[in-house]
2 protein chains.
Amino acid sequence: MQDIFREHIEKVIPLTDEEFAFVFSHFSYQRYKKRQYLIREDDHVEHAYFVVSGLLKLEYTDLSAKRHIVSFAMEDWWETDFMAYFNGTKATMSLQCIEDTDVLCLSLADYHKLCSGLKKMERFFLKKSNSGHIASQQRILSFLTSNAKERYDQLLQQYPSLFQRVPKTLLAAYLGISRETLSRLSY
Amino acid sequence: MQDIFREHIEKVIPLTDEEFAFVFSHFSYQRYKKRQYLIREDDHVEHAYFVVSGLLKLEYTDLSAKRHIVSFAMEDWWETDFMAYFNGTKATMSLQCIEDTDVLCLSLADYHKLCSGLKKMERFFLKKSNSGHIASQQRILSFLTSNAKERYDQLLQQYPSLFQRVPKTLLAAYLGISRETLSRLSY
DNA sequence: TGTAATCTGTGATGTTTGTCACACAACAAA
DNA sequence: TTTGTTGTGTGACAAACATCACAGATTACA
């Protein structure tokens with residue numbers, strides 16, 4: 001598990017053994033069961049999570065109680081309600097397990113300690129944040145340019161494994177279409 | 001103009017005069033006229049831009065030649081085709097003036113020099129990137145939760161000045177609806 | 001100053017997608 | 001097993017939105 005995590009970081013910045021030990025010491029390890037919540041709406045958001053194995057959904061519930069999936073988080077992803085995490089505000093989204101999931105947890109205090117203790121990590125998080133921003137922009141573009149069927153195809157092409165791992169109802173909630181429409185797409 | 005820029009940075013991290021001079025030395029100043037391009041599709045993307053004054057649009061043209069606005073960039077915003085900028089790939093989007101616009105330009109080489117020369121700036125860019133990511137997620141959420149009229153209202157509430165400054169055709173291209181539909185919304 | 005390009009509104013019409021309703025299968029928990 | 005919950009497909013209908021067409025107004029610029 002440390003290996004996966006170390007490799008993940010070293011894809012961006014090389015680390016000595018001591019440096020990695022320092023980095024790793026800021027995290028705690030947690031296992032969650034399917035359907036368990038890591039974050040509930042209105043919670044104080046303690047941690048950002050690195051997904052070691054499993055699958056999470058970041059979900060927003062609107063005024064009419066409809067649920068929308070902002071993001072899936074699979075192996076090798078970082079996830080949390082970032083707005084609440086960084087600003088210390090209450091969670092507007094929930095983070096819940098679709099499968100049993102193992103994560104590494106990083107508190108905001110430890111995040112800051114980590115960044116000041118090892119400047120390389122600031123670059124690491126900058127890189128991650130940049131890629132996240134770019135990925136979000138791509139998702140926005142797919143809303144602008146594509147209809148339901150096209151967005152569905154793009155999603156399957158990008159993350160083929162999702163098709164096996166999550167119910168179609170959730171894929172619909174991610175794509176912004178009704179489950180009925182999604183059901184009628186596959187011809 | 002330096003003042004605006006310095007204030008913008010000092011909202012996040014305080015700087016001494018020497019530090020600001022160091023930061024500023026990495027930028028070049030440019031003025032662009034309405035309709036001029038800062039980046040064209042397939043260009044090599046030389047710079048990221050800080051908008052001192054004016055208004056830009058970041059635009060993507062799809063296969064059927066329809067134009068979609070990924071983002072407006074007004075005073076105090078950073079903009080470029082970030083994917084192309086960071087990865088050194090060719091631009092997939094264009095960046096064009098809606099009004100006469102003054103910008104500060106930062107090459108990727110200077111960006112890296114700046115970050116290594118003054119570690120504070122890495123934190124600055126991390127903060128900016130995080131907010132950008134959060135903003136994109138909000139935009140995704142508005143696609144998931146809201147219809148055309150609601151998205152339009154949200155946009156006007158967030159950036160009332162856009163209503164005065166940009167033609168409705170462009171607002172429609174940002175909201176992902178046809179200009180005709182937008183025209184029929186305001187009742 | 002004149003000509004072209006852009007911007008905007010609006011009608012008519014068709015397509016896409018959502019909503020409601022129902023049925024049935026798969027699965028989980030007691 | 002039984003019973004509830006979740007997931008999926010499908011028909012009928014309504015709502016949202018796109019497209020095409022046209023017209024008048026405004027703006028760019030040579």
Side-chain angles (χ1 to χ4, degrees), chain A residues 32-37 55-57 59 61-69 72 94 96-100 141-156 161-187, chain B residues 32-37 54-55 57 59 61-69 72 94 96-101 140-156 161-187:
Chain A
Y32 291 92
K33 286 274 168 203
K34 186 169 175 173
R35 276 156 216 268
Q36 249 191 303
Y37 283 92
L55 184 58
L56 305 172
K57 60 175 178 185
E59 202 175 47
T61 306
D62 69 19
L63 297 169
S64 49
K66 237 186 255 171
R67 290 149 168 268
H68 306 275
I69 294 189
F72 293 109
S94 69
Q96 191 188 8
C97 294
I98 296 177
E99 305 171 353
D100 293 357
L141 259 180
S142 102
F143 277 110
L144 290 175
T145 63
S146 310
N147 63 19
K149 168 95 175 103
E150 290 160 347
R151 294 209 300 283
Y152 180 65
D153 290 342
Q154 288 162 23
L155 179 63
L156 287 192
S161 72
L162 277 186
F163 187 70
Q164 328 294 334
R165 294 170 76 180
V166 324
K168 306 220 165 155
T169 312
L170 293 187
L171 293 184
Y174 177 89
L175 292 169
I177 59 181
S178 68
R179 58 160 205 89
E180 293 93 334
T181 296
L182 179 60
S183 164
R184 286 186 251 257
L185 286 182
S186 355
Y187 49 85
Chain B
Y32 291 91
K33 286 274 169 204
K34 187 169 174 172
R35 276 156 216 265
Q36 250 189 303
Y37 283 92
L55 183 58
K57 61 176 177 183
E59 202 174 47
T61 306
D62 70 18
L63 297 170
S64 49
K66 237 187 254 169
R67 290 149 168 268
H68 307 274
I69 293 188
F72 293 109
S94 70
Q96 192 189 8
C97 294
I98 296 177
E99 304 171 353
D100 293 357
T101 302
I140 288 169
L141 259 179
S142 102
F143 276 111
L144 290 175
T145 63
S146 310
N147 63 20
K149 168 95 174 102
E150 290 162 346
R151 292 209 301 282
Y152 180 66
D153 290 342
Q154 288 162 23
L155 179 64
L156 287 191
S161 73
L162 277 185
F163 186 70
Q164 328 294 336
R165 295 169 77 179
V166 324
K168 307 221 166 156
T169 312
L170 293 187
L171 293 184
Y174 176 89
L175 292 169
I177 59 181
S178 70
R179 58 159 208 89
E180 292 94 333
T181 296
L182 179 61
S183 165
R184 286 184 251 256
L185 285 183
S186 358
Y187 43 89

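Order of the sequence lines sets the chain letters (A, B, ...), proteins ahead of strands, with each chain counted from 1. What you see below is based on every heavy atom in this structure, not just the backbone, and it leaves out hydrogens, waters and symmetry mates.
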Salt-bridge criterion met for Lys34(A) and Asp100(A) (N-O under 4.0 Å) | no
Could you tell me the separation between the CG atom of Asp62(B) and the P atom of dA18(D), rounded to a whole number of Å?
-> 14 Å
Glu150(B) CD to dA15(D) P, in whole Å, measures 16 Å
Atom-pair distance (NZ on Lys168(B); P on dA25(D)), nearest Å = 17 Å
Report the C-alpha distance between Ile98(B) and Leu170(B) in whole Å, list the side-chain angles of each, state the deciding distance to 0.1 Å, and finish with yes or no for side-chain contact (heavy atoms from CB on, under 4.5 Å).
-> CA-CA 10 Å; Ile98(B) 296 177; Leu170(B) 293 187; 3.9 Å; yes
Rounded distance in Å - CD1 (Ile98(A)) to C1' (dG7(D)) = 14 Å
Donor-acceptor pair, side chain of Thr101(B) and main chain of Glu99(B), under 3.5 angstrom | yes
Could you tell me the separation between the CG atom of Leu175(A) and the OG atom of Ser146(A), rounded to the nearest 0.5 Å?
-> 10.5 Å
Hey, is the side chain of Thr169(A) poking within less than 4.0 Å of OP1 or OP2 on dT6(D), counting only N and O atoms?
-> no
Taken to the nearest whole Å, CZ/Arg165(A) to P/dG7(D) is 16 Å
Passes side-chain contact (heavy atoms from CB on, under 4.5 Å), Tyr174(A) versus Val166(A)? Steps please.
-> CA-CA 11 Å; Tyr174(A) 177 89; Val166(A) 324; over 6 Å; no
Listed partners of Tyr32(A) passing ring-ring contact (aromatic ring centres under 6.0 Å, His included), at least two apart = none
Given the rule in the side-chain contact (heavy atoms from CB on, under 4.5 Å) test, do Leu171(A) and Leu155(A) qualify, once you have shown the distances and angles that lead to the verdict?
-> CA-CA 9 Å; Leu171(A) 293 184; Leu155(A) 179 63; 3.9 Å; yes
Atom pairs, N/O to N/O, protein against nucleotides 13-21 of chain C, distance under 3.5 Å?
unit_1, atom_1, unit_2, atom_2, d
dT17(C), OP1, Ala148(A), N, 3.0
dG18(C), OP1, Ser178(A), N, 3.3
dG18(C), OP2, Ser178(A), N, 3.0
dG18(C), OP2, Ser178(A), OG, 3.1
dG18(C), OP2, Thr181(A), OG1, 2.6
dT19(C), OP1, Lys66(A), NZ, 3.2
dT19(C), O4, Arg184(A), NH2, 3.1
dC20(C), N4, Glu180(A), OE2, 3.1

Please enumerate all protein N or O atoms sitting under 3.5 Å from an N or O of nucleotides 26-30 of chain D, with distances to 0.1 Å.
unit_1, atom_1, unit_2, atom_2, d
dA28(D), OP1, Lys34(B), NZ, 3.3

Take the protein atom CG of Leu144(A) and the nucleotide atom C1' of dC17(D), then report the distance between them rounded to whole Å.
-> 15 Å
For side-chain contact (heavy atoms from CB on, under 4.5 Å), just list the numbers for Arg165(B) and Phe72(B), CA-CA rounded to whole Å, side-chain angles, deciding distance to a tenth of an Å, and then say yes or no.
-> CA-CA 11 Å; Arg165(B) 295 169 77 179; Phe72(B) 293 109; over 6 Å; no
